[in-house]
Protein chains: 4
Amino acid sequence: MIHTQSTVKVRYAETDKMGLVHHQNYITYFELSRVDMLDVLGVPYRVLEEKGFFLPVIEVMVRYIQSNTFDDQLTIHCIMEEMPKVKIKLRYEVYRGDILTNTGYSLHGFIDSTGKPTRPPKCLVEAAGKHFQSST
Amino acid sequence: MIHTQSTVKVRYAETDKMGLVHHQNYITYFELSRVDMLDVLGVPYRVLEEKGFFLPVIEVMVRYIQSNTFDDQLTIHCIMEEMPKVKIKLRYEVYRGDILTNTGYSLHGFIDSTGKPTRPPKCLVEAAGKHFQSST
Amino acid sequence: MIHTQSTVKVRYAETDKMGLVHHQNYITYFELSRVDMLDVLGVPYRVLEEKGFFLPVIEVMVRYIQSNTFDDQLTIHCIMEEMPKVKIKLRYEVYRGDILTNTGYSLHGFIDSTGKPTRPPKCLVEAAGKHFQSST
Amino acid sequence: MIHTQSTVKVRYAETDKMGLVHHQNYITYFELSRVDMLDVLGVPYRVLEEKGFFLPVIEVMVRYIQSNTFDDQLTIHCIMEEMPKVKIKLRYEVYRGDILTNTGYSLHGFIDSTGKPTRPPKCLVEAAGKHFQSST
């Protein structure tokens, strides 16, 4: 399992008329947390794209347990429970202090620069593999 | 069943570096389509809020089947399959011409202006009821 | 002079905690109105990009006179007062009914697909020229 | 003069089809940098709003000198050159490393919770005053 954490300070532009973080923004919070995870793994998403690999989103889900508002300091947990195969699944948990405010997941495929489905990039598989080797 | 359609022309600001509609924007497309559905039902969301009713999102899911890009003309179908009870569930389908590009759903609760859970507003139940009466 | 109009219905996601349209969104409203102007001129921005022309923003200004809120129906006026030369300047006026709520402008250059500054595309100059010929 | 700095790592959602940061996002970068300035001054914007003070934007301008892209680390400088009076003006400079990529300003008024123009909050005037006293 790989588990990383990112911090977000809610921007004013991310609030809505209800006075809370508009529900759309958690999609972006999830995204930046998986970018951070790839940084931690040593295979930054920027580099993956330069190598011609893209990870389009196939499915995304967000559950809203508690609301957040402007200026709140949030911790986004990004969790990879299984090795990337044809697809990669990531789970997310959003906390404000001790309070779990959101959960969710995203499912991604791998495509090359021509848009064709491809195997996950070797560098990602190797980097992730180090965190899953103990299971053998 | 209630089924309405909304049209969206993809904005440049909604695209991303991959050259496609960034996946976050479908959440907004879903939202505007349910606002349109409430307009069609004669209970605009603006009016619901003025009466002190809010429909926070409890859960949202999007599935990405085909990508869309700048200037694409999309049709967002919003479908209510069951009468609103404590919760209300809406399904969505996004089409570019004949091509189904996305599906998804959102689940909402009802709260009053103090943030307390409440029964769905009577005007909404009555308006929706007209479309479900045939089932008796 | 070229003068076109676009209509926008304010999305919930575009509001903020103050209950109003977040000031950032007018930048997007301006953008979609100039995309509409290019459509009216018969040189859609999508086509310009396919031909390898891009119009990056060099400068943008927005003035906020009156606020707008969720579900407001806005008319965005886009005005080209001078023929495109090395740069192109567009002025904007946002109205809610009779009320002028915003003004602004954007200034653009022309670059080719390699990012190099270039002359404005011939098709755009010709299309715009028809609206300025009377001045001779 | 008051001068603070904020750091932003460009989010994928902030890029557009041109592969660059969409020009709209600088408005948000400016906003978060002035929120940070108020934090540094000890009068967080969140607290100002709780006290019933709001700083609506009257005018905003952005100049685009160099483009930025996904994952770039930006430093946003926020500069207050004059004491807040009826209005408050802030200047911004965006840097990627040593490279100045953007400049701009925002002009704000002060309103109370009923939307009426009001004098700047005393706590803000006092906090800012400490940085301007040397001029007497």
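By convention in this document, chain letters (A, B, ...) are assigned in the order of the sequence lines, proteins followed by strands, and residues within each chain are numbered from 1.
Of residues 10-42 of chain D, those residues lying under 4.5 Å from chain C by any heavy-atom pair are Lys17(D), Met18(D), His22(D), His23(D), Gln24(D), Asn25(D), Ile27(D), Thr28(D), Glu31(D), Arg34(D).
The side-chain heavy atoms of Tyr64(C) and Ile58(D), taken from C-beta on, include no pair separated by under 4.5 Å.
For NZ of Lys87(C), the number of neighbouring non-hydrogen atoms (other residues, nucleotides, ligands) closer than 6.0 Å is 12 at most.
Residue Asn102(C) holds its CG atom at 11.5 Å from CD of Glu59(D), rounded to the nearest 0.5 Å.
A salt bridge (Lys or Arg N to Asp or Glu O under 4.0 Å) check over residues 64-82 of chain C, counting only residues at least two apart or in different chains, returns the pairs Arg46(B)-Asp72(C), Glu81(C)-Arg91(C).
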